[in-house]
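The block underneath contains the structure these notes are about, expressed in structure tokens.
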Amino acid sequence: MAQADIALIGLAVMGQNLILNMNDHGFVVCAFNRTVSKVDDFLANEAKGTKVVGARSLEEMVSKLKKPRRVILLVKAGQAVDDFIEKLRRCRTLKAKGILFVGSGVSGGEEGARYGPSLMPGGDKEAWPHIKTIFQGIAAKVGTGEPCCDWVGDEGAGHFVKMVHNGIEYGDMQLICEAYHLMKDVLDMGHDEMAKAFEEWNKTELDSFLIEITANILKFQDSDGKHLLPKIRDSAGQKGTGKWTAISALEYGVPVTLIGEAVFARCLSSLKDERVQASQKLKGPQKIQFEGDKKSFLEDIQKALYASKIISYAQGFMLLRQAATEFGWTLNYGGIALMWRGGCIIRSVFLGKIKDAFDRNPNLQNLLLDDFFKSAVENCQDSWRRTVSTGVRAGIPMPCFTTALSFYDGYRHETLPANLIQAQRDYFGAHTYELLANPGRFVHTNWTGHGGSVSSSSYNA
């Protein structure tokens with residue numbers, strides 16, 4: 001007998017928590033997993049005493065669903081997804097068969113899935129009225145109860161927005177790590193002292209989930225009464241979404257430099273054994289005692305972190321804008337910022353300022369051109385430059401602080417030295433160039449006097 005409002009395939013931790021979240025909000029969920037024993041275990045343990053029902057085959061799952069039948073596929077990206085979609089009919093033939101396909105980003109980790117994630121659905125918009133109540137019901141709420149979930153756009157827009165979210169997450173985490181490195185190695189601060197600084201920062205414009213948990217991590221003590229953080233191997237893992245964001249940025253020609261550097265920083269960290277060997281042979285500047293005003297430099301680090309964060313989000317929204325152009329999507333950028341304000345890993349007060357910026361100007365070309373963010377960066381600029389120069393002199397790696405500043409300086413320059421690149425390309429490859437006085441007309445120069453006048457054909461790679 002059809003009794004379930006929705007089915008969910010995939011009983012890993014996220015899947016189980018989403019099911020329990022939907023159950024809490026009054027929805028009857030049918031649970032299914034390729035390994036059927038997981039269904040029995042889930043019903044006998046975590047879902048015991050709930051209205052959750054189980055299915056031991058796809059046929060049984062379908063039979064238990066009310067029409068229109070709604071199915072969430074929450075399994076690991078790759079072959080498992082392809083296998084299930086093949087069974088439930090391939091994506092491109094779905095609509096012809098009367099099946100509406102939605103690809104939704106989900107963020108918030110285990111806790112978010114259980115108590116309120118950020119949900120970013122996209123795909124066939126005809127499906128939205130059928131799932132809207134469930135999705136917005138279980139999503140995190142902010143402000144006066146606004147759900148961190150709304151329709152994102154056509155086709156893969158939901159997953160693309162989630163991918164960029166994860167890339168920004170990589171950037172936020174690396175920026176915090178660079179601030180931590182400067183506090184530890186330049187200011188020689190202890191863990192409890194650093195934790196206190198992050199707690200104070202969390203009362204400012206940096207108020208966010210990641211700043212909050214960083215303070216908690218710094219002061220956390222192991223069973224032996226010593227801080228746990230210094231015992232953790234400094235080799236960071238990754239699941240690929242930051243890398244996908246960087247690849248997309250390269251593919252669409254968008255300078256998302258900060259996320260790219262954050263990914264490479266993790267790659268460098270993974271070379272732990274190699275770095276141990278290199279540390280014994282490669283010398284940096286001589287370590288000297290910091291002689292400036294400690295409180296003042298700590299404020300500089302805080303402002304450098306804030307300014308760099310603004311750059312990271314500006315770059316992320318540049319990528320979203322370019323993707324919308326490439327795929328013909330209509331994205332609500334302020335709405336996306338709102339979806340990220342609660343439930344997800346990058347949730348912060350800061351995102352409300354991004355929504356305000358797009359409310360003021362829905363066609364805003366770049367966050368840096370909004371008056372609020374323009375003033376914020378200008379206010380931080382001196383501190384930002386002092387932080388970077390001090391860190392460089394001390395030999396502290398700051399890939400994201402430095403690339404953020406370089407991007408800002410590049411973006412604000414009317415003239416860049418790329419004219420020399422164009423001349424070089426024309427010199428060795430006859431690739432042509434444009435003159436400032438005659439834009440749109442490409443010319444070639446016989447630079448050596450013994451070259452020809454034939455130019456290379458142009459192409460975009």
*Does the R70 side chain pair with the main chain of I131, one donor and one acceptor, at a distance under 3.5 Å?*
no

*asked:* Looking at K132, I want to see if its NZ is surrounded by more than 12 non-hydrogen atoms of other residues, nucleotides or ligands under 6.0 Å.
replied: no

*ring pair (Phe, Tyr, Trp, His ring centres under 6.0 Å) pairs, two or more places apart, involving residues 361-380*: F350-F373

May I have the list of side-chain donor-acceptor pairs in residues 353-360 shorter than 3.5 Å, sequence neighbours left out?
{"residue": "K355", "atom": "NZ", "partner": "D359", "partner atom": "OD2", "Å": "3.1"}
{"residue": "R360", "atom": "NE", "partner": "D370", "partner atom": "OD1", "Å": "3.1"}
{"residue": "R360", "atom": "NH2", "partner": "D370", "partner atom": "OD1", "Å": "3.1"}
{"residue": "R360", "atom": "NH2", "partner": "D370", "partner atom": "OD2", "Å": "2.9"}

*Could you tell me whether the side chain of R347 and the main chain of C344 form a donor-acceptor pair under 3.5 Å?*
yes

*Where does the angle between the aromatic ring planes of F160 and Y252 fall among parallel (under 30°), tilted (30 to 60°) and perpendicular (over 60°)?*
tilted

*With rounding to the nearest 0.5 Å, note down the distance linking CD1 in I310 to OG in S308.*
9.0 Å

*Using a strict 4.0 Å threshold on nitrogen-to-oxygen distance, state whether D5 and K51 make a salt bridge.*
no

*Main-chain N/O of D41 paired to N45 side chain as donor or acceptor, under 3.5 Å*: yes

_Contact between I311 and Y411 at the side-chain level, heavy atoms closer than 4.5 Å - yes or no?_
no

_Test side-chain contact (heavy atoms from CB on, under 4.5 Å) applied to D409 and R385, step by step_ = CA-CA 11 Å; D409 282 337; R385 295 185 189 281; 2.7 Å; yes

_Closest non-hydrogen atom pair, V53 against A4_ = CG2-CB, 4.4 Å

*What distance separates F401 CZ from L258 CG, expressed to the nearest 0.5 Å?*
9.5 Å

*Mark yes when over 12 heavy atoms from residues, nucleotides or ligands other than K294 sit less than 6.0 Å from its NZ; otherwise mark no.*
yes

*Does M339 offer a backbone N or O that forms a donor-acceptor pair with the side chain of S118 under 3.5 Å?*
yes

*Quick one: are V164 and V256 in side-chain contact, heavy atoms under 4.5 Å?*
no

*Shortest non-hydrogen contact between P362 and R321, atoms and distance*: O-NH2, 4.1 Å

_Give me the atom names and distance for the closest heavy-atom approach of V377 to W384._
CG1-CZ3, 3.9 Å

*asked:* Under a 3.5 Å distance rule, please check whether H165 uses its side chain to pair with a backbone N or O of V161 as donor and acceptor.
replied: no

*With rounding to the nearest 0.5 Å, note down the distance linking CD1 in I336 to CG in L320.*
5.0 Å

_Taking the side chain as everything from C-beta on, heavy atoms only, tell me whether N33 gets closer than 4.5 Å to F42._
no

*Please walk me through it: do S383 and Q302 pass side-chain contact (heavy atoms from CB on, under 4.5 Å)?*
CA-CA 8 Å; S383 290; Q302 177 186 348; over 6 Å; no

*In plain terms, say whether E299 and K303 are close enough for a salt bridge, that is, a side-chain N and a carboxylate O under 4.0 Å apart.*
yes

*Does N332 reach the side chain of D150, with side-chain heavy atoms less than 4.5 Å apart?*
no

Got a list of side-chain donor-acceptor pairs under 3.5 Å for residues 261-269, not counting sequence neighbours?
{"residue": "R266", "atom": "NH1", "partner": "G237", "partner atom": "O", "Å": "3.0"}
{"residue": "S269", "atom": "OG", "partner": "A236", "partner atom": "N", "Å": "2.9"}
{"residue": "S269", "atom": "OG", "partner": "R266", "partner atom": "O", "Å": "2.7"}

*Not counting sequence neighbours, list each pair that qualifies as a side chain to side chain donor-acceptor pair (under 3.5 Å) and has a residue in residues 218-231.*
D192-H227, E199-K219, D222-K231, D224-K231

*Stepwise, does the side-chain contact (heavy atoms from CB on, under 4.5 Å) test hold for L369 with N361?*
CA-CA 10 Å; L369 302 179; N361 180 7; over 6 Å; no

*By side-chain hydrogen bond (donor to acceptor under 3.5 Å, both in side chains), which residues pair with E146, not counting sequence neighbours?*
none

*Among L206, T204, I301, which one satisfies side chain to side chain contact (heavy atoms under 4.5 Å, CB included) with Y306?*
L206

*Please answer whether the main-chain N or O of A113 pairs with a side-chain N or O of N21 as donor and acceptor at a distance below 3.5 Å.*
yes

*Can any side-chain N or O of E60 pair as donor or acceptor with the backbone N or O of R56 at less than 3.5 Å?*
yes

_Please check if the number of heavy atoms outside E326 that lie under 6.0 Å from its CD is greater than 12._
yes

*asked:* Under a 3.5 Å distance rule, please check whether K184 uses its side chain to pair with a backbone N or O of H191 as donor and acceptor.
replied: no

*asked:* Are the side chains of D124 and F101 in contact, using a 4.5 Å heavy-atom criterion?
replied: no

*All side-chain contact (heavy atoms from CB on, under 4.5 Å) counterparts of P397, not counting sequence neighbours*: H181, P399

*asked:* Distance check, rounded to the nearest 0.5 Å: I345 atom CD1 versus I213 atom CD1?
replied: 7.0 Å

*K196: partners by salt bridge (Lys or Arg N to Asp or Glu O under 4.0 Å), with sequence neighbours left out*: none

*Work out which heavy atom in G260 is nearest to a heavy atom in A246; give both atom names and the distance.*
CA-CB, 4.2 Å

_Test your reading of the model: is there a side-chain donor-acceptor pair from K125 to the backbone of G123, 3.5 Å cut-off?_
no

*Partners passing side-chain hydrogen bond (donor to acceptor under 3.5 Å, both in side chains) against E378 (at least two apart in sequence or in another chain)*: K374

*Please, which pairs that meet side chain to side chain donor-acceptor pair (under 3.5 Å) have at least one residue in residues 310-320, sequence neighbours excluded?*
D172-Y313, T257-Q315

*Please name all residues satisfying side-chain hydrogen bond (donor to acceptor under 3.5 Å, both in side chains) with R233, sequence neighbours left out, ordered by chain then number.*
none

*Ignoring hydrogens and geometry, is there a side-chain-to-backbone donor-acceptor pair from Q238 to K243 under 3.5 Å?*
no

*asked:* S348: which residues meet the side-chain hydrogen bond (donor to acceptor under 3.5 Å, both in side chains) condition with it, sequence neighbours left out?
replied: none

*Enter the distance from M22:CE to R114:CZ here, rounded to the nearest 0.5 Å.*
11.0 Å

*May I ask you to test the Y333-L364 pair for a side-chain heavy-atom distance under 4.5 Å?*
no

*Least distance between heavy atoms, A197 atom then M183 atom*: CB-CE, 3.7 Å

Indicate every side-chain donor-acceptor pair of residues 8-17 with a distance under 3.5 Å to a residue at least two apart or in another chain.
{"residue": "Q16", "atom": "NE2", "partner": "L11", "partner atom": "O", "Å": "3.1"}
{"residue": "N17", "atom": "ND2", "partner": "E110", "partner atom": "O", "Å": "3.0"}

*Just how far is it from atom CD1 of I346 to atom CG of L210, taken to the nearest 0.5 Å?*
8.5 Å

_Minimum heavy-atom distance between C148 and L338, given as atom pair plus value_ = SG-O, 3.7 Å

